[in-house]
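Here the structure is laid out as structure tokens; the discussion comes afterwards.
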Amino acid sequence: MAGPDAAAPSEPQSKAKLLAALLVGGVVVGASLLGLYLNGAPLGIGAGLGGRRRGKKRPVRVYMDGCFDMMHYGHCNALRQARALGDQLVVGVVSDAEIVVNKGPPVTPLKERMIMVNAVKWVDEVIPDAPYAITEEFMKKLFDEYHIDYIIHGDDPCVLPDGTDAYALAKKAGKYKQIKRTEGVSSTDIVGRMLLCVRERAISDTQNHSTLQRQFSHGRSPKVEDGGSGAGTRVSHFLPTSRRIVQFSNGVSPGPDARIIYIDGAFDLFHAGHVEILRVARGLGDFLLVGIHTDQTVSAKRGAHRPIMNLHERSLSVLACRYVDEVIIGAPWEVSRDMITTFDISLVVHGTIAENNDFQKDEGNPYAVPISMGIFKVLESPLDITTTTIIRRIVANHEAFLKRNEKKAASEKRYYEDKAYVTGD
């Protein structure tokens, strides 16, 4: 053991020991901070960190816009595909004024189109009065204010009246992604179906209805087939697949004690009135089951020229609605006791605004059984809109809509001609 007279450490040795201690201490503190960081604890050091956890990925936000006029299952499928390309989907709904300038008069006003888009289960946020073309100013707003990562559109052309691409700037910026268009349906096609329906009905009300119905079910128009001057509109050739139905389905079953609400109807030309009554119905329970009547049932009740959309088209439109949990594809007209027991239905409802008033009849009432069981309720419909309302809008402005279809066809032709010239095809 060294005595009191032992030599004291030299000054260089003291400095070396102090430096070593500081180095060891720095490593310990650094390791501690690193451990806190890796375990997700907020460091809270410095304004740059802001107390947030580093390493947490920001959700990928994608943007898709459209007119969404007379919204159908093709629109819904596009939104489904767009949502799959990111974590959050922001949808721009083009203003009425922009649609008039670029395409012609819309069938449904902005307010109704907003209701429809907001109700689609894959939509997270909606921007009203979006421009028809992606301008430099609007694109900057999307990136800076809405934190959009990519702008999405279908593989069909979206052309301006001058024939130029509405998404040219987004493509140039490298922020554009493309999805596959749903074949066999468009708003233009649906307008054409209604005009064809009304025109052929007016030609001869005495024409055999079964013959007319067969023409519609096979997508045929006598004028078109004969090479005449018909509009060329074809009725749907949509072929349903189990995969597409699964893509649209929630895939969720009601819980053991769930209050199941049932509402049925044609849901033809799925519109804002349908959406709003479904919203009200869903608010009455835990699970909303929707019955979609067959084409034959709808024709028998509303005339051979109806429905405009076939059973599977109507089913997909209803399935895409966020308020709907499940649908019965081809539901019976009368709600039976067996049906109520099978699906464990707690309440059967119907809106005050409807195409017919069978639910008010004493005899032949399709809801006689649930009424007798005390589980039937009539709901006040939020909007006074029916499928007939939509058809009347088309008929009242049929000349304008025919011109709109011609205008769209001319713009697309010009787009493809310019594209062929540039690529040398």
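Surrounding CG of Asp144 are more than 12 heavy atoms belonging to other residues, nucleotides or ligands, all under 6.0 Å away. Taking a 6.0 Å sphere around CZ of Arg259, one finds it holds more than 12 heavy atoms contributed by other residues, nucleotides or ligands. The number of heavy atoms from other shown groups lying within 6.0 Å of OH (Tyr150) does not exceed 12.
Side chains of Phe376 and Val378 form a contact here, defined as non-hydrogen atoms less than 4.5 Å apart. Side chains of Pro307 and Glu313 form no contact here, defined as non-hydrogen atoms less than 4.5 Å apart. Side-chain contact between Val324 and Leu278 is present, with heavy atoms from C-beta onward closer than 4.5 Å. Side-chain contact between Leu79 and Val123 is present, with at least one heavy-atom pair separated by less than 4.5 Å. In this structure the side chain of Arg113 reaches within 4.5 angstrom of the side chain of Leu110, judged on heavy atoms. Side-chain contact check for Ile329 versus Val327: some heavy-atom pair is nearer than 4.5 Å. Considering only heavy atoms from C-beta on, Ile263 comes within 4.5 Å of Val349 through its side chain. Taking the side chain as every heavy atom from C-beta outward, Met116 and Phe68 never approach each other to under 4.5 Å.
Between the side chains of Thr108 and Asp69, at least one donor-acceptor pair of N or O atoms lies under 3.5 Å. Side-chain contact of Asp338 with Ser336: a donor-acceptor pair under 3.5 Å is absent, judged by distance alone. No side-chain donor-acceptor contact under 3.5 Å links Lys180 and Asn77. With hydrogens and angles left out, the side-chain atoms of Glu355 and Thr388 include a donor and acceptor closer than 3.5 Å.
Between Tyr367 and His350, the gap from one ring centroid to the other is short of 6.0 Å.
Contact record, Ala166 with Leu160: CB-CD2, 4.0 Å, taken as the closest heavy-atom pair. The two residues Ala82 and Ile179 make their nearest non-hydrogen contact at N-CG2, 4.3 Å. Nearest heavy atoms, Gly330 versus Thr294: CA-CG2, 3.6 Å. Listed here is the closest heavy atom pair of Val280 and Pro382: CG2-CG, 3.7 Å. Between Leu311 and His293, the closest heavy-atom pair is CD1-O, 3.4 Å. Minimum heavy-atom separation, Gly291 to Ala331: CA-CB, 3.5 Å.
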Step by step, would you call Ile328 with Ile292 a side-chain contact (heavy atoms from CB on, under 4.5 Å)? CA-CA 6 Å; Ile328 300 176; Ile292 317 292; over 6 Å; no
If you apply the rule side-chain contact (heavy atoms from CB on, under 4.5 Å), what do you find for Val93 with Asp129, and how did you get there? CA-CA 6 Å; Val93 182; Asp129 293 314; over 6 Å; no
Which is it for Tyr323 and Val275 under the side-chain contact (heavy atoms from CB on, under 4.5 Å) test, yes or no, and what are the steps along the way? CA-CA 8 Å; Tyr323 308 119; Val275 167; 3.9 Å; yes
Does the pair Tyr167 and Asp65 meet the rule for a side chain to side chain donor-acceptor pair (under 3.5 Å), with working shown? CA-CA 11 Å; Tyr167 294 90; Asp65 60 13; 2.2 Å; yes
Could you give me the CA-CA distance, side-chain angles and deciding distance for Ile152 and Gln178, then say whether side-chain contact (heavy atoms from CB on, under 4.5 Å) is met? CA-CA 6 Å; Ile152 317 293; Gln178 192 165 276; over 6 Å; no
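Side chain of Asp124 to backbone of Val90: no donor-acceptor contact under 3.5 angstrom is found. When atom types are taken as modelled, the side chain of Ser381 and the backbone of Thr352 share a donor-acceptor pair closer than 3.5 angstrom. Within the 3.5 Å criterion, the main-chain N or O of Ile261 finds no donor-acceptor partner in the side chain of Arg282. Between the Ser249 side chain and the Ile245 main chain, no donor and acceptor come within less than 3.5 Å of each other. The closest donor-acceptor contact from the side chain of Asp268 to the backbone of Ile308 lies under 3.5 Å. At least one donor-acceptor pair under 3.5 Å links the side chain of Arg322 to the backbone N or O of Val120. Using modelled atom types, one side-chain atom of Lys121 and one backbone atom of Leu319 make a donor-acceptor pair closer than 3.5 Å. Of the possible donor and acceptor atoms, none in the side chain of Glu112 sits under 3.5 Å from a partner among the backbone N and O of Pro109. One N or O on the side chain of Asp325 and one on the backbone of Leu288 form a donor-acceptor pair closer than 3.5 Å. In this structure, Asp155 contributes its side chain and Arg181 its backbone to a donor-acceptor pair below 3.5 Å.
Between Phe267 and Phe270, the ring planes lie tilted relative to each other; the angle falls in the 30° to 60° range. Between Trp122 and Phe248, the ring-plane angle classifies as perpendicular under the 30° and 60° cut-offs.
Between Arg83 and Glu125 no salt bridge is recorded (no basic side-chain N to carboxylate O distance below 4.0 Å). Using a 4.0 Å cut-off between a side-chain N of Lys or Arg and a carboxylate O of Asp or Glu, Lys171 and Asp165 qualify as a salt bridge. Looking at Asp149 and Arg58, a side-chain N of the basic residue comes within less than 4.0 Å of a carboxylate O on the acidic one, giving a salt bridge. Remark: Asp87 does not engage Lys57 in a salt bridge, criterion side-chain N to carboxylate O under 4.0 Å. Between Glu145 and Lys140 no salt bridge is recorded (no basic side-chain N to carboxylate O distance below 4.0 Å).
Taking CD1 from Ile385 and CG from Leu269, the interatomic distance works out to 12.5 Å, rounded to the nearest 0.5 Å. Rounded to the nearest 0.5 angstrom, Thr342 OG1 and Asp344 CG are separated by 10.0 Å. Rounding to the nearest 0.5 Å gives a distance of 9.5 Å between CE of Met64 and CG of Leu85. Atom NE2 of His147 and atom OH of Tyr63 lie 15.5 Å apart (nearest 0.5 Å). Taken to the nearest 0.5 Å, the CZ atom of Arg244 stands 8.5 Å off from the OH atom of Tyr73. Remark: Cys67 SG to Asn102 CG distance equals 8.0 Å, nearest 0.5 Å.
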